[in-house]
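Scroll down for the structure; my scribbles are underneath it.
The model shown is predicted, which means the values in this text are computed figures rather than measured ones.
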Amino acid sequence: MRVINILLYCFLLTILACSNTNEPERPPAVHPQKLIVEGKPFLMLGAQLRTDYFLQLDKKTLNELEPFFELAANMNILVIQVPVGWRDIEVQKDIYNTELVEKYIELCDKYQMKLEILWFGSYMCGYSVEGYIPEYIVNDPVTYPDLKPDAAFDGWLGKHYYLKPNTPALVERESKALGKMMEAIYNYDNIHNQKHTVIGIQIENEPDMLATRHNEAHGYTPEQIWPDLIIMLDKLGQVVKSSPYDCYTRVNQTTTYPEYLTKSTAIAITEGIDYVGVDPYENSIQAIDGKLRQLRKIEGNYAHIAENGGEYANNDLLALKAFSLGCGYEIFEVITTPHPFLTEWTLRGIYNPDFTPKAHTQQIVDAFKIFKEAWVDLANANYLDIAGFNLKSNDGMEQTSESKNTTHAGIKWSTKSRGVAFAIEYNDHLTVASTKSDEMVFRNIQIKSIEKGHYDIDGNWVSEDKAEAPDNRLAMEPCIVYRIKF
């Protein structure tokens with residue numbers, strides 16, 4: 001099996017090396033991998049909530065976190081990314097507490113969101129951080145060696161250093177804690193009507209930075225770090241895959257080194273990791289387009305933006321670009337801690353630290369509303385049947401008209417107020433929406449009926465009202481999703 005994977009890896013590298021993101025899109029022989037949750041496609045429309053900072057820096061209690069989850073739900077996301085540190089689960093050696101993860105599931109259930117757990121174990125942004133790692137690991141460098149002891153420094157959550165990846169004792173202990181968390185999720189789900197709230201586990205956080213960014217500090221080359229790091233990610237992913245609870249695993253990569261795509265491929269072909277996404281921190285539609293097209297070429301990989309800066313006013317357009325490619329998109333972050341240690345990160349939040357909106361907040365919330373309410377069609381449709389409008393410039397055009405085609409329909413969309421819109425053909429209907437009072441005109445189809453409505457978190461269509469389109473011309477209400485049967 002390993003030989004087959006290596007041969008596949010080499011083949012994929014050849015494809016990636018020869019690709020050109022500027023070439024026009026052609027229908028692929030195999031359509032891009034979809035995100036599968038409980039055997040069905042799901043839309044990765046999400047944002048990160050850094051509860052670790054609220055708990056450790058701001059000294060919030062678990063019971064004081066609910067307003068943050070409520071704020072995230074008001075952003076109109078489908079899935080929230082929340083960190084769970086190794087030491088949150090293993091509070092002392094062989095003493096486990098699952099109260100935190102159970103509380104997160106409870107809050108997600110209350111506010112109708114799915115949960116991606118960010119497993120902050122040995123590596124967070126390539127550092128080994130005391131705030132996430134059990135004390136007995138940090139204090140025993142003989143059993144759990146680091147790469148260069150004198151490279152350690154005090155950071156915002158205690159000691160930052162560099163654990164040596166894939167040492168047997170380290171992997172054994174981290175695997176055991178991760179297994180305990182998965183067991184707790186399985187038990188909670190069974191007791192609470194099997195809602196399957198947790199849909200995925202991110203293994204570590206930007207672990208590639210250990211091999212690519214901190215080399216001068218710890219003294220090891222990328223070539224010395226990568227093999228053991230990938231094996232360790234695979235082993236931890238297999239802990240999740242072997243648990244009784246079914247969910248996907250993924251790894252998030254940075255894009256600051258030339259070979260990030262080849263390393264993403266190497267991670268994605270392991271048995272333990274299902275998908276690899278990237279954290280580009282770019283607000284260029286063209287850049288996001290190019291990176292996602294490359295990630296789609298990795299066999300079996302669900303291409304997604306795992307993090308992108310919440311300060312970007314065009315996150316509405318960036319997310320729509322991702323969805324129109326059949327990919328996923330998640331924002332960092334909902335809201336930032338006001339703690340002085342991280343004041344430079346305040347810009348990342350969609351909301352200010354005091355919960356007030358920023359100038360671009362409503363623009364994002366409105367777009368996410370129509371994405372969320374049409375999520376089933378965005379998740380299931382062939383990406384060639386997802387027409388995204390107003391994606392020709394990074395800021396969006398204030399006034400413009402565009403014509404696009406799906407398999408059976410022609411759609412002309414017009415806006416006079418920077419609308420952000422889509423038209424999706426799936427099965428026997430078109431699902432359309434815009435953030436503004438725009439217009440769509442349809443060709444080549446005979447409209448039978450039009451409903452206003454939305455899909456709920458379980459994927460059920462909820463009809464709210466009827467609508468008409470005289471002469472196939474639909475005057476759209478802002479942020480209303482229409483389902484047109486033809």
Next item on the list: Carefully, step by step, assess Glu330 and Asn308 under the rule side-chain hydrogen bond (donor to acceptor under 3.5 Å, both in side chains).
Entry: CA-CA 7 Å; Glu330 298 184 297; Asn308 211 22; over 6 Å; no

Determine whether a donor-acceptor pair (N or O, by modelled atom type, separation under 3.5 Å) exists between the side chain of [X] and the backbone of [Y].
{"X": "Thr212", "Y": "Tyr257", "answer": "no"}
{"X": "Asn314", "Y": "Asp395", "answer": "no"}
{"X": "Glu204", "Y": "Ser122", "answer": "yes"}
{"X": "Asn215", "Y": "Ala211", "answer": "yes"}
{"X": "Glu90", "Y": "Arg87", "answer": "no"}
{"X": "Gln363", "Y": "Ala313", "answer": "yes"}
{"X": "His214", "Y": "Leu210", "answer": "no"}
{"X": "Asp279", "Y": "Glu307", "answer": "yes"}
{"X": "Asn97", "Y": "Glu99", "answer": "yes"}
{"X": "Thr361", "Y": "Tyr351", "answer": "no"}

Item checked: Pair Arg213 + Glu206: basic N to acidic O under 4.0 Å ->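 No, Arg213 and Glu206 are not salt-bridged.
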
Notebook entry, point to check: Can we say Glu311 and Lys358 salt-bridge, meaning some charged N sits less than 4.0 Å from an Asp/Glu carboxylate O?
Noted result: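 Lys358 and Glu311: not salt-bridged.
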
Can you list everything that forms a ring-ring contact (aromatic ring centres under 6.0 Å, His included) with [X]? Sequence neighbours excluded, please.
{"X": "Tyr281", "result": "none"}
{"X": "Tyr260", "result": "none"}
{"X": "Phe68", "result": "Phe54, Phe355"}
{"X": "Tyr482", "result": "none"}

Among residues two or more places apart or on two chains, list those pairs meeting side-chain hydrogen bond (donor to acceptor under 3.5 Å, both in side chains) that have a residue in [range].
{"range": "residues 175-184", "answer": "Asp94-Lys176"}
{"range": "residues 335-345", "answer": "Asp58-Thr337, Glu333-Thr336"}
{"range": "residues 144-161", "answer": "Tyr53-Trp156"}

Next item on the list: Measure up the Phe323 and Phe371 rings against each other and bin them: parallel (under 30°), tilted (30 to 60°), perpendicular (over 60°).
Entry: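 Plane angle over 60°, so perpendicular.
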
Check: In terms of ring plane angle, is the pair Tyr162 and Tyr127 parallel, tilted or perpendicular, where the classes change at 30° and 60°?
Finding: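 Because their plane-to-plane angle lies in the 30° to 60° range, the rings of Tyr162 and Tyr127 count as tilted.
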
Notebook entry, point to check: Only one of Arg483, Glu373, Lys372, Glu464 clears side-chain hydrogen bond (donor to acceptor under 3.5 Å, both in side chains) with His454; which?
Noted result: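 For His454, the side-chain hydrogen bond (donor to acceptor under 3.5 Å, both in side chains) check succeeds only for Glu464.
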
What residues, two or more places apart in sequence or in another chain, satisfy salt bridge (Lys or Arg N to Asp or Glu O under 4.0 Å) together with [X]?
{"X": "Glu174", "answer": "none"}
{"X": "Asp88", "answer": "none"}
{"X": "Glu102", "answer": "none"}
{"X": "Lys164", "answer": "none"}

Check: Hey, does the Lys NZ or Arg CZ of Arg296 hover above the aromatic six-ring of Tyr383, less than 6.0 Å from the centre and inside 45° of the axis?
Finding: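 Judged by the rule, Arg296 and Tyr383 form a cation-pi pair.
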
Note to self: Minimum heavy-atom separation for Ala421 and Leu320, please, with both atom names.
What the structure shows: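 Scanning both residues, the minimum pair turns out to be O-CD2, 3.4 Å.
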
Note to self: Per the salt bridge (Lys or Arg N to Asp or Glu O under 4.0 Å) rule, what does the pair list look like for residues 108-133, sequence neighbours excluded?
What the structure shows: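 Sorted result for residues 108-133: Glu66-Lys110, Glu116-Arg250.
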
Validation row: [X], [Y] side chains within 4.5 angstrom (heavy atoms):
{"X": "Leu65", "Y": "Leu49", "value": "no"}
{"X": "Tyr245", "Y": "His196", "value": "yes"}
{"X": "Glu106", "Y": "Phe69", "value": "no"}
{"X": "Leu261", "Y": "Lys291", "value": "no"}
{"X": "Phe422", "Y": "Ile370", "value": "yes"}
{"X": "Pro280", "Y": "Ile288", "value": "yes"}
{"X": "Tyr104", "Y": "Ile185", "value": "no"}
{"X": "Val481", "Y": "Lys452", "value": "no"}

Next item on the list: Can you measure from CG (Asn394) to CG (Leu318) and round to the nearest 0.5 angstrom?
Entry: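 The distance works out to 7.5 Å.
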
Notebook entry, point to check: Atom CD1 in Ile424, atom CG in Leu378: separation rounded to 0.5 Å?
Noted result: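 It comes to 3.5 Å.
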
Next item on the list: Scan Leu43, Leu45, Asn315, Leu292 and name whichever one has a side-chain contact (heavy atoms from CB on, under 4.5 Å) with Tyr329.
Entry: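 So, applying the side-chain contact (heavy atoms from CB on, under 4.5 Å) to Tyr329 and each of Leu43, Leu45, Asn315, Leu292, only Asn315 qualifies.
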
Item checked: Worked check of side-chain hydrogen bond (donor to acceptor under 3.5 Å, both in side chains) between Thr431 and Asp377 -> CA-CA 7 Å; Thr431 301; Asp377 295 320; 2.5 Å; yes

Margin query: Is it true that Asp354 and Thr356 share a donor-acceptor pair across their side chains at a distance under 3.5 Å?
Written below: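 Their side chains do contain a donor-acceptor pair, which is all the 3.5 Å distance test asks for.
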
Notebook entry, point to check: Knowing that exactly one of Tyr455, Phe42, Phe368 qualifies, which makes a ring-ring contact (aromatic ring centres under 6.0 Å, His included) with Trp375?
Noted result: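 The single option meeting the ring-ring contact (aromatic ring centres under 6.0 Å, His included) with Trp375 is Phe42.
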
Next item on the list: Verify whether the ring centers belonging to His360 and Tyr312 lie closer than 6.0 Å.
Entry: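 No, the ring centres sit 6.0 Å or more apart.
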
Next item on the list: Run the ring-centre check on Tyr132 versus Phe120 and record whether the distance is less than 6.0 Å.
Entry: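 Yes, close enough.
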
Note to self: side-chain hydrogen bond (donor to acceptor under 3.5 Å, both in side chains) for Lys40 and Asn380? Distances and angles first, verdict last.
What the structure shows: CA-CA 8 Å; Lys40 296 181 291 187; Asn380 280 276; over 6 Å; no

Note to self: Under the criterion side-chain hydrogen bond (donor to acceptor under 3.5 Å, both in side chains), I'd like the reasoning laid out for Glu70 against Asn74: C-alpha separation, chi angles, the key distance, then a yes or no.
What the structure shows: CA-CA 6 Å; Glu70 183 179 13; Asn74 290 339; 4.9 Å; no

